[in-house]
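Notes follow once the structure below has been shown.
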Amino acid sequence: MTAFLRSLRDKDNLRGLGLISPSLLWMIGLLIIPLIVVMISSVGGRDPDGNVIFGFSFHNYLRLAGYNYDTPCGDVPPPCFDDLYLTILWRSLVLAFQTTALVIAVGYPLAYFVARAPAGHRNLLLFLILVPLWTNFVIRVYAWIMILRTQGVLNGLIGSALGVLNLPFKPLEMLYTPGAVLVGMVYEFLPFMILPMYTSLEKIDSSLFEAAADLGANPLRTFLRVTLPLSMPGVVAGTILVFIPVMGTFIVSDILGGRQVILVGNLIQRQFLDARDPAFGSAASILLMVMTLIVTIFYTRTFGFGEEIASA
Amino acid sequence: MPQFAVELRDVVKRFPGPSGEEVYAVKHVSLQIHDGEFFSLLGPSGCGKTTSLRMIAGFELPTTGAVMIHDRHMGETPPFQRPVNTVFQNYALFPHMTVGENVAFGLEMKRVPKTDIAPRVTEALRMVRLPGMEKRKPKQLSGGQQQRIALARALINRPEVLLLDEPLGALDLKLRKEMQLELKTLQREVGITFIYVTHDQEEALTMSDRIAVMSGGEVLQVGGAADIYERPNCRFVADFIGETNFLRGTVKEQKGKTTVVEVDGGITVRAESENSLAHGQSVTIAVRPEKIHLRPTSGAANAFAGRVEDLVYIGTDTHYGVRFAGDHRVRVREQNTDSASTPLARVGDEVTVSFAEAAARVLVE
Ligand SMILES: Nc1ncnc2c1ncn2[C@@H]1O[C@H](COP(=O)(O)OP(=O)(O)OP(=O)(O)O)[C@@H](O)[C@H]1O
Ligand SMILES: [Mg+2]
């Protein structure tokens with residue numbers, strides 16, 4: 001701290017501080033302070049009115065880890081072990097991985113197709129990919145109810161197709177299942193994967209493909225040895241852009257999963273609104289953040305941010 | 001034994017133009033390139049050099065006509081199955097691979113065993129005089145070094161033909177000159193046929209065994225450096241290669257090679273032509289500036305009185321602009337062989353310009 005203050009005697013350092021101060025204030029006001037508030041309440045408790053009682057105990061975290069100190073777990077009287085919250089965390093993590101993997105699988109061919117399209121068509125194609133974003137997020141999720149419900153579009157289509165073939169058909173129960181949530185997530189987050197992937201793919205100098213072909217690589221090997229590695233920065237960026245919000249979102253699971261599919265996002269939301277236990281909600285938020293951070297760090301340690309390749 | 005390393009038979013390439021019409025990039029080009037030859041495609045920008053090269057490599061397919069490599073009809077054979085390799089103008093090194101991986105790429109694609117690849121990479125890097133660079137990334141190399149790696153990456157495959165598209169275009173003049181010599185030496189060592197695209201006539205003249213001069217999608221003349229320089233077959237070639245003076249006129253008479261041409265302005269010039277020309281045919285005479293003299297030379301077939309209009313001293317030579325016979329202007333280049341370095345003439349001096357019959361070429365339009 002004293003070193004910092006001493007460095008401010010230098011005019012340039014002072015000016016530098018002055019220049020970054022608007023964003024610094026922004027960061028402090030909207031990120032650092034709220035984060036500190038959440039951290040402090042996460043180690044507090046709750047009074048009967050749903051206010052935070054400040055204190056210092058880890059019982060919120062213990063509760064998340066399965067330590068149940070007030071209600072019975074089935075036949076076992078408290079204190080006992082209850083895996084309710086761990087299941088939710090695990091489910092969220094698995095769903096986030098599944099969503100990311102599916103978004104990559106669906107998004108990559110699309111991004112590749114757009115990047116390889118004639119230059120004049122690319123903007124139109126990108127525009128078409130972005131058009132759905134003009135509709136509100138929640139409305140787009142609701143649209144999936146129309147598609148997936150028992151009397152919905154999809155069942156209707158399958159039913160009439162089977163009807164033509166004279167086969168019996170019992171409408172499928174698709175809504176309010178983990179599958180429905182997965183489909184919704186993939187749909188919602190696809191553009192966030194396609195855009196960075198497209199940018200990466202489009203940036204690859206086409207003479208590199210020709211060089212690979214010239215050296216005897218057929219199209220598949222050219223793809224595996226040149227295109228794929230050079231587009232990794234986009235895949236990495238897209239993964240981070242998709243994985244982090246998917247870990248925290250609660251709207252898709254709320255609408256398409258109903259009471260069946262509860263994720264960390266839903267848990268946190270309910271603690272703050274329905275259960276009126278902001279302290280416990282804060283603890284869950286911190287845990288979510290830490291988990292996301294660990295996965296992201298682990299991921300970027302393995303794959304890098306791709307900056308080395310990207311700047312080549 | 002195949003007759004030619006590469007043969008283009010009446011190759012035409014058309015591209016769809018901006019407003020739907022077709023544009024010709026290459027018009028009816030026929031070329032025969034011999035084994036082990038250093039062959040250059042020379043011509044101004046947009047004349048179809050790159051397109052011709054890309055059709056040999058397989059990146060473009062001819063609209064009509066055939067590309068043959070060692071008597072094999074290439075047809076629609078894709079690039080990765082053709083026995084040629086290319087050195088690209090921008091090098092096109094793979095940025096995510098090390099130099100060693102770049103150079104090894106072609107052999108890996110041919111599924112050469114790993115144990116055989118490493119020594120060949122070492123050998124290829126030694127050949128381009130960059131030994132021990134395997135671990136570097138292309139980004140960590142200078143332009144000239146990247147150029148050599150691109151060369152090593154292509155040559156390691158021992159292609160039947162190496163295609164080079166202005167490979168020295170991005171280098172500075174000094175490095176360019178060095179690389180020209182090096183490339184030529186390397187080509188002699190490996191004995192592979194090189195097809196070299198350039199728009200730099202000096203480069204083509206220094207390096208090539210034979211040159212094809214192209215313009216507007218057509219090959220105008222094919223020949224050795226001296227052929228093309230001394231015996232251009234048309235005005236474009238004479239003009240594009242080196243400096244030339246042109247005199248327009250009509251044929252008065254022809255005896256064997258000797259052709260007497262009446263040049264506009266009332267003088268007659270004795271020139272050489274291998275073609276038989278009709279009386280009264282309009283022609284152009286080309287004379288190189290270094291073949292015109294200001295000193296009176298005995299026995300010169302052509303001598304005219306003129307006046308020096310300007311003079312440029314450039315060290316080894318002095319260039320004079322001389323006006324004669326009314327409206328004709330020629331550039332004359334005289335070597336500064338005298339140690340006193342006193343110019344032969346000054347601006348405004350009356351001089352005699354003279355040149356031999358063999359120095360004047362008759363070009364038919
Ligand atoms: N893919 C293409 N589509 C349309 N026109 C093309 C295409 N490639 C080349 N052309 C046209 O064909 C002509 C010959 O081009 P080419 O690239 O072969 O010229 P070049 O001799 O290599 O010129 P430079 O010295 O500038 O490289 C040019 O007029 C060019 O505009
Ligand atoms: Mg070119």
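Keep in mind that the numbers below use all heavy atoms, side chains included, and drop hydrogens, waters and symmetry copies. Letters go in sequence order (proteins before strands), and every chain restarts at 1.
With a threshold of 4.5 angstrom between heavy atoms, B:Asn85 approaches chain A through its backbone and through its side chain. For A:Asp214, the parts lying under 4.5 angstrom from a heavy atom of chain B are both the backbone and the side chain. Within the 4.5 angstrom heavy-atom criterion, only backbone atoms of B:Leu93 (N, CA, C, O) approach chain A. Both the backbone and the side chain of B:Arg153 come within contact range of chain A, each with at least one heavy atom under 4.5 Å from a heavy atom of that chain. Neither the backbone nor the side chain of B:Gln89 comes within contact range of chain A; no heavy atom of the residue lies under 4.5 Å from a heavy atom of that chain.
One distance of note links CG of A:Leu230 with NE2 of B:His96; it measures 4.5 Å at 0.5 Å rounding. Rounded to the nearest 0.5 Å, atoms CG (A:Leu208) and CG (B:Asn90) are 7.5 Å apart.
Counting heavy-atom neighbours within 6.0 Å of A:Phe113 CZ, excluding the residue itself, gives a total of 12 or less. Residue B:Arg158 places its CZ atom among 12 or fewer non-hydrogen atoms of other residues, nucleotides or ligands, all under 6.0 Å distant.
Using a 4.5 Å heavy-atom threshold, the side chains of B:Phe80 and A:Pro219 count as touching.
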* Report the C-alpha distance between B:Phe94 and A:Leu215 in whole Å, list the side-chain angles of each, state the deciding distance to 0.1 Å, and finish with yes or no for side-chain contact (heavy atoms from CB on, under 4.5 Å). => CA-CA 12 Å; B:Phe94 303 122; A:Leu215 293 165; 4.1 Å; yes
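Residues B:Ala92 and A:Ala211 come closest through the heavy atom pair O-CB, 3.8 Å. B:Phe105 and A:Ala217 make their closest contact through CE2-CB, 3.9 Å (heavy atoms, listed as atom of the first residue, atom of the second, distance).
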